[in-house]
Protein chains: 2
Amino acid sequence: MVPLTLDERKKKILLAIIKTYLETGEPVGSRTISKLEGLDLSSATIRNEMADLVDMGYILQPHTSAGRIPSDKGYRFYVDQLMAEKEKDIAERERETDEMKSLLVEKADKMERLLKQVAKSLSANTNYAAMISAPRYNMNRLKFIQLSRMEENRIVAVIVVEGNMIKNQIIDIDGPIDDETLLALNMLLNTTLNGMAIEDINLSIISKMKQQAGEQAGIISEVIDAVAESIRDDEDLEIYTSGANNIFKYPELADNQRASEIITAFEEKKQLTDLVYETLSHSDEKGIQVYIGEESPVENMKDCSVVTATYELDEGIHGTIGIIGPKRMDYDKVLSTIKKLTTELDTMFKKN
Amino acid sequence: MVPLTLDERKKKILLAIIKTYLETGEPVGSRTISKLEGLDLSSATIRNEMADLVDMGYILQPHTSAGRIPSDKGYRFYVDQLMAEKEKDIAERERETDEMKSLLVEKADKMERLLKQVAKSLSANTNYAAMISAPRYNMNRLKFIQLSRMEENRIVAVIVVEGNMIKNQIIDIDGPIDDETLLALNMLLNTTLNGMAIEDINLSIISKMKQQAGEQAGIISEVIDAVAESIRDDEDLEIYTSGANNIFKYPELADNQRASEIITAFEEKKQLTDLVYETLSHSDEKGIQVYIGEESPVENMKDCSVVTATYELDEGIHGTIGIIGPKRMDYDKVLSTIKKLTTELDTMFKKN
DNA sequence: TGTTAGCACTCGACCTATTAGAGTGCTAAC
DNA sequence: GTTAGCACTCTAATAGGTCGAGTGCTAACA
């Protein structure tokens, strides 16, 4: 009869197996465990317990006479355990993160550069692949719009949203446009749209603006359409990645098949975008999320573990950072690093 | 005695060997060649010739009883041959490129998107990895500068250069700035800088502008510094890549060691940037360049062949496209594709 | 009843022939 | 100069054999 719940001893043994496996990467046998400190049991007893753990689905046996390796379910148990303990010993890694901090602040003059830095620092610190998404644009509020004439009948529109992300759009217009009209148009755009959330800019508002534009509606609607389109046109969530080549350090990910899949995911960004949305949609529940193997929302990463977290740029404006590595990743370190980093980012943005 | 030059028959045999190898990817033996159309010789004769070709360095023998594979020198001969023939039969691939054309034009509203499209289309069409660099910014001429007040003491600068590349810079100033000053500043910047090549903006011009700014020099020099810095600050040549995962299709590149190197090169862009500069510096000689194996200027691609070409956005403003694949790539197809594409891009930009 | 020693058994990793086949180099004849 | 013929070389693939880590089970023990 297979037991239904893990008693204390089983938990201890399971944790010991997983920890050992994380260190060595090799299937671990009963003798190895029996020789560890803490629980004084013979290998035979351990074997019996291990058999139970296999039946319960926490560990796997690659083949009859091999040791055991953790299953997804086993990792899940380990990670949950870890997350619970996490609150306490955060202080420990303070040093490393201080290092990272200085590295971040150094060149933070531009958002893009900052994000690239963060990704790089993450992958370098953990030896896994890292990604970071720019703060989600279409949750932002418009802060400023400015049209300027560039040439006879060509206008450049500058659109600034909260968080100081800037978008540009060049607009070709049919006829020439005089300074007065341009000024009026600037007024109209700013008074109507400033402070609005981008997702709230709908057709009815646009048509109302066209109406207000009165006689100039011809040219003006051209411009408004272009601006509106440019504002909405941000399907492509910007994502920066780093250290994808790290996967080659882990044999279980480095075979052609898998490596190709992972690299593709990193290259095409599509799947990473999905990952970001997935994370953002869950972000209220908990700061950090861990997807183990099959749990992953990203098809090409079913053989990996994915750790994601949300950072806050400004109220309601979030971005996502993620670490992708083998299932036997150093969860402890990754969780610490990522936790530190998000709070780091949070406070950094709050300051500005 | 080893002959010094390739006679006609040797050339024929060499080409046959290379072509066969390109198709099969396996070492080719003397019998295979003797059975081909065109030259009616027994395998024994071919063997003798092959021995010569080995001595002359055009082909290699992986081991004593294997067939032959082309050496870098052999590929070089083949490619040169091909380039010479190239002028004639360009018409052939017209179809495919027409397809590509429509694909390109479709969403060419923004430079960035266009470049991504091109990279994608290139890698998809060839099954190799592709890259494209944005036109080299600091050769461009300034077209338009506009400062706008965004908030009380925060200004956004929009800088447009020829080719309609746009840069933005947010400038925090110490004190508030009034409309009049802003207008004057805009005038000053535009009259002084418009039409100038970015590399010609030096300290003497900047200090002259500060002088002209007169009493407002305090605030103004702040602004000018920021603008100047923003203009110059384009070390990071933008490069878009696609299809890096294609390398996994070629066993000779797909082993961990090599794959990791190539992926790293694609990820960190540094080496690709070097490649672009290398290409641009040679671009006058010839449109297309082929680097075979050791010839490659990029360290991590010594096992690859790299085909690059230059496209022209506007007079004197160039960008680079490149294909990276195995040494046994389909040079014929790649050369055609890349040639078509560059002329495509050239004409497209000329139209605008 | 839980724990442990003991032992036969399993299975992959590794090493060592052995074989088959493709392809060569060389010699001798045409 | 070309070719047929043949001995030779080297790889890839296959099979057999051994080693050792680790298991599962049984029987004895506290």
Side-chain angles (χ1 to χ4, degrees), chain A residues 1-3 5-14 16-18 20-21 23-36 38-71 74 251-252 255, chain B residues 1-3 5-14 16-18 20-21 23-36 38-71 74 251-252 255:
Chain A
M1 203 52 240
V2 180
T5 59
L6 291 171
D7 59 30
E8 267 318 302
R9 197 171 72 175
K10 282 195 172 55
K11 281 186 188 173
K12 263 190 176 170
I13 293 174
L14 178 52
I17 294 173
I18 296 177
T20 311
Y21 183 71
E23 280 168 25
T24 65
E26 307 256 292
V28 353
S30 53
R31 276 206 81 219
T32 316
I33 298 298
S34 77
K35 275 183 296 189
L36 289 177
L39 64 179
D40 290 313
L41 294 171
S42 76
S43 65
T45 312
I46 304 282
R47 272 202 293 283
N48 288 331
E49 296 287 42
M50 277 172 142
D52 282 355
L53 286 171
V54 168
D55 287 339
M56 296 167 80
Y58 286 100
I59 52 182
L60 299 172
Q61 221 172 352
H63 56 265
T64 322
S65 75
R68 312 302 214 281
I69 61 175
S71 67
E252 66 266 46
D255 73 297
Chain B
M1 201 54 239
V2 180
T5 58
L6 291 170
D7 59 30
E8 267 320 302
R9 198 172 71 176
K10 281 194 173 53
K11 282 186 189 173
K12 260 190 178 170
I13 292 174
L14 178 52
I17 293 172
I18 296 178
T20 311
Y21 184 70
E23 281 166 26
T24 64
E26 307 255 293
V28 354
S30 53
R31 278 207 79 216
T32 316
I33 299 298
S34 77
K35 276 184 295 189
L36 290 177
L39 64 179
D40 292 313
L41 293 170
S42 77
S43 64
T45 314
I46 303 283
R47 272 203 293 283
N48 289 330
E49 295 287 42
M50 276 172 144
D52 283 355
L53 287 171
V54 169
D55 288 339
M56 297 168 79
Y58 287 101
I59 52 182
L60 298 173
Q61 220 172 352
H63 55 265
T64 323
S65 75
R68 311 302 214 282
I69 62 175
S71 67
E252 65 266 46
D255 73 297

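Below, chain A is the first sequence line, B the second, and so on; all start at residue 1.
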Sequence neighbours left out, what passes salt bridge (charged side-chain N to carboxylate O under 4.0 Å, His left out) with A:Asp255? Give chain and number order. A:Arg258
All side-chain hydrogen bond (donor to acceptor under 3.5 Å, both in side chains) counterparts of A:Ser42, not counting sequence neighbours: A:Thr45
Partners of A:Thr64 by side chain to side chain contact (heavy atoms under 4.5 Å, CB included), sequence neighbours excluded? none
Residues forming a side chain to side chain contact (heavy atoms under 4.5 Å, CB included) with A:Lys10, sequence neighbours excluded: A:Pro3, A:Leu6, A:Asp7, A:Glu49, A:Asp52, A:Leu53, A:Met56
Taking every heavy atom of B:Gly67 against every heavy atom of B:Pro62, the minimum-distance pair comes out as O-CD, 3.3 Å
Here the residues of residues 38-49 of chain A within 4.0 Å heavy-atom distance, strictly under, of DNA chain D are A:Arg47
What side-chain donor-acceptor pairs closer than 3.5 Å can you find for residues 25-36 of chain A, not counting sequence neighbours?
unit_1: A:Ser30; atom_1: OG; unit_2: A:Arg47; atom_2: NH1; d: 3.3
unit_1: A:Ser34; atom_1: OG; unit_2: A:Arg31; atom_2: O; d: 2.9

Spacing of A:Asn48 atom CG and A:Leu41 atom CG [to the nearest 0.5 Å]: 10.5 Å
When rounded to the nearest 0.5 Å, the distance separating CD1 of B:Ile13 from CG of B:Leu39 is 5.5 Å
Residues of residues 25-35 of chain A with any non-hydrogen atom less than 4.0 angstrom from an atom of DNA chain D: list those, numerically ordered, please. A:Gly29, A:Ser30
For DNA chain C, note the earliest and the latest nucleotide, 5' to 3', having some atom under 4.0 Å of a heavy atom belonging to chain A. C:dT3 to C:dG12
Mind checking the CE-CG spacing from B:Met50 to B:Leu14? Nearest 0.5 Å is all I need. 9.5 Å
The criterion is salt bridge (charged side-chain N to carboxylate O under 4.0 Å, His left out); which residues satisfy it with A:Glu252, sequence neighbours excluded? A:Arg328
According to a 3.5 Å limit on both distances, what stems of 3 or more consecutive Watson-Crick or G-U pairs are formed with DNA chain C? C:1-30 with D:1-30
Partners of B:Ser65 by side chain to side chain contact (heavy atoms under 4.5 Å, CB included), sequence neighbours excluded? B:His63
Please enumerate all protein N or O atoms sitting under 3.5 Å from an N or O of nucleotides 11-20 of chain D, with distances to 0.1 Å.
none

Working to the nearest 0.5 Å, report the span between CD of B:Glu8 and NZ of B:Lys11. 5.0 Å
